[in-house]
Amino acid sequence: MGIPHAIELPRFAQYLCASEENNYILDRSIFGDKVYAMMYYRDGYFRDSQLGCYLTLYDSLLRYVKPPKLFILVRCSFDEIMRRIKDRGRQDEIDAGVDYWRGLYDAYMPFMDFVKSELHHDITFYELELSNPEFINTPSLVDSFIGDVKKFFPERP
């Protein structure tokens, strides 16, 4: 089985650029990449030397990024995630197997505490529960989410 997700250096560059500006929204963060790296090491995809190299790079770059103004953490039940993977029908996701997805799900569970410990700052988290597959088709839920997020950015219209 191949690695279904690759850790990409350009994300580090994107995050560095975003941390210099006030008008960026990123759909992923470098912190999630470290979760993947640790999981890959645990599962034998990374050797000691590869993990060491990654962690050196990660720690070096982390010193130069500013913490995000808001971190939106999307939550969804594992069963719903698996249902969506099956419904999407992407063969590479299906081929990864339930054990892979369970391992990733479990690795992300302590994510807020992990990010807080990495940045040594108080981080504002907004947890968005998306187990309901009708969220995107329910305008009142979407509008409520957008309204909540806008409160964190009063300088923006």
Side-chain angles (χ1 to χ4, degrees), residues 3-42 54-90 92-94 96 98 100-157:
I3 298 174
H5 171 79
I7 297 169
E8 300 176 18
L9 183 58
R11 190 161 15 261
F12 281 111
Q14 291 170 354
Y15 202 84
L16 284 172
C17 290
S19 72
E20 296 294 322
E21 301 290 333
N22 288 321
N23 296 321
Y24 274 85
I25 297 173
L26 298 174
D27 67 337
R28 297 255 340 259
S29 75
I30 59 175
F31 310 107
D33 288 346
K34 188 173 180 184
V35 171
Y36 275 96
M38 300 307 292
M39 187 178 94
Y40 290 163
Y41 177 72
R42 180 196 70 213
Y54 174 81
L55 293 177
T56 298
L57 175 64
Y58 175 87
D59 291 339
S60 296
L61 291 171
L62 193 58
R63 287 184 285 212
Y64 296 101
V65 299
K66 294 177 189 171
K69 288 183 179 180
L70 176 64
F71 210 115
I72 299 173
L73 185 62
V74 177
R75 298 264 190 214
C76 190
S77 71
F78 183 73
D79 289 339
E80 179 61 18
I81 290 169
M82 293 311 301
R83 186 195 67 73
R84 292 177 188 180
I85 288 170
K86 182 180 175 188
D87 284 355
R88 264 195 307 268
R90 294 180 189 153
D92 60 330
E93 291 179 346
I94 293 167
V98 174
Y100 169 80
W101 295 113
R102 173 53 79 182
L104 185 59
Y105 184 85
D106 291 345
Y108 264 101
M109 290 310 292
F111 191 71
M112 284 193 301
D113 292 334
F114 165 72
V115 172
K116 289 175 186 176
S117 72
E118 292 289 292
L119 288 176
H120 309 290
H121 289 89
D122 286 331
I123 302 295
T124 302
F125 283 92
Y126 181 96
E127 291 189 61
L128 178 60
E129 175 55 52
L130 288 181
S131 292
N132 177 357
E134 289 304 310
F135 174 87
I136 198 67
N137 298 319
T138 309
S140 63
L141 294 175
V142 174
D143 290 344
S144 177
F145 164 67
I146 291 171
D148 287 348
V149 170
K150 283 183 174 182
K151 291 176 190 172
F152 289 97
F153 303 96
E155 69 279 4
R156 297 195 48 118

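Only a predicted model underlies this, so the values are computations on that prediction, with no experimental measurement involved.
- Put simply, the side chain of S131 gets close to the backbone of S77: a donor and an acceptor are under 3.5 Å apart.
- Summarising the local packing, CD1 of I146 is surrounded by more than 12 heavy atoms from other residues, nucleotides or ligands at distances under 6.0 Å.
- Judged purely by atom type and a 3.5 angstrom limit, W101 uses its side chain to pair as donor or acceptor with the backbone of E93.
- In this structure, Y40 and Y100 have parallel ring planes: the angle between them is below the 30° cut-off, well short of the 60° mark.
- Atoms CG and CE, on D87 and M82 in that order, are 11.0 Å from each other to the nearest 0.5 Å.
- Between M38 and L55 there is a side-chain heavy-atom pair separated by less than 4.5 Å.
- Not a single donor-acceptor pair under 3.5 Å links the side chain of S144 to the backbone N or O of S140.
- Atoms OG1 and NZ, on T124 and K69 in that order, are 11.0 Å from each other to the nearest 0.5 Å.
- Considering CZ of R75 and CG of L130, their distance stands at 11.5 Å, rounded to 0.5 Å.
- Here CZ of R88 is found 10.0 Å from CZ of R83. Values are rounded to the nearest 0.5 Å.
- D59 places none of its side-chain heavy atoms less than 4.5 Å from the side chain of R63.
- Ring geometry for F114 against F31 counts as perpendicular: the plane angle is over 60°, on a 0 to 90° scale with 30° as the lower cut.
- Inter-residue side-chain proximity for F153 and L70 is flagged as met; some heavy-atom pair is nearer than 4.5 Å.
- Residues F78 and V98 have side chains in contact (heavy-atom distance under 4.5 Å, counting atoms from C-beta outward).
- By the 4.5 Å heavy-atom criterion applied to side chains, I81 and I85 are counted as neighbours.
- Taking CD of E129 as the start and CZ of F135 as the end, the distance is 10.0 Å to the nearest 0.5 Å.
- Of all non-hydrogen atoms in R84 and C76, the two that sit nearest each other are NH1-SG, 3.9 Å.
- Closest heavy-atom contact between Y54 and K34: OH-N, 3.3 Å.
- The distance from the CG atom of L57 to the CG atom of L62 is 11.0 Å, given to the nearest 0.5 Å.
- A heavy-atom distance below 4.5 Å is not found between the side chains of Y108 and L73.
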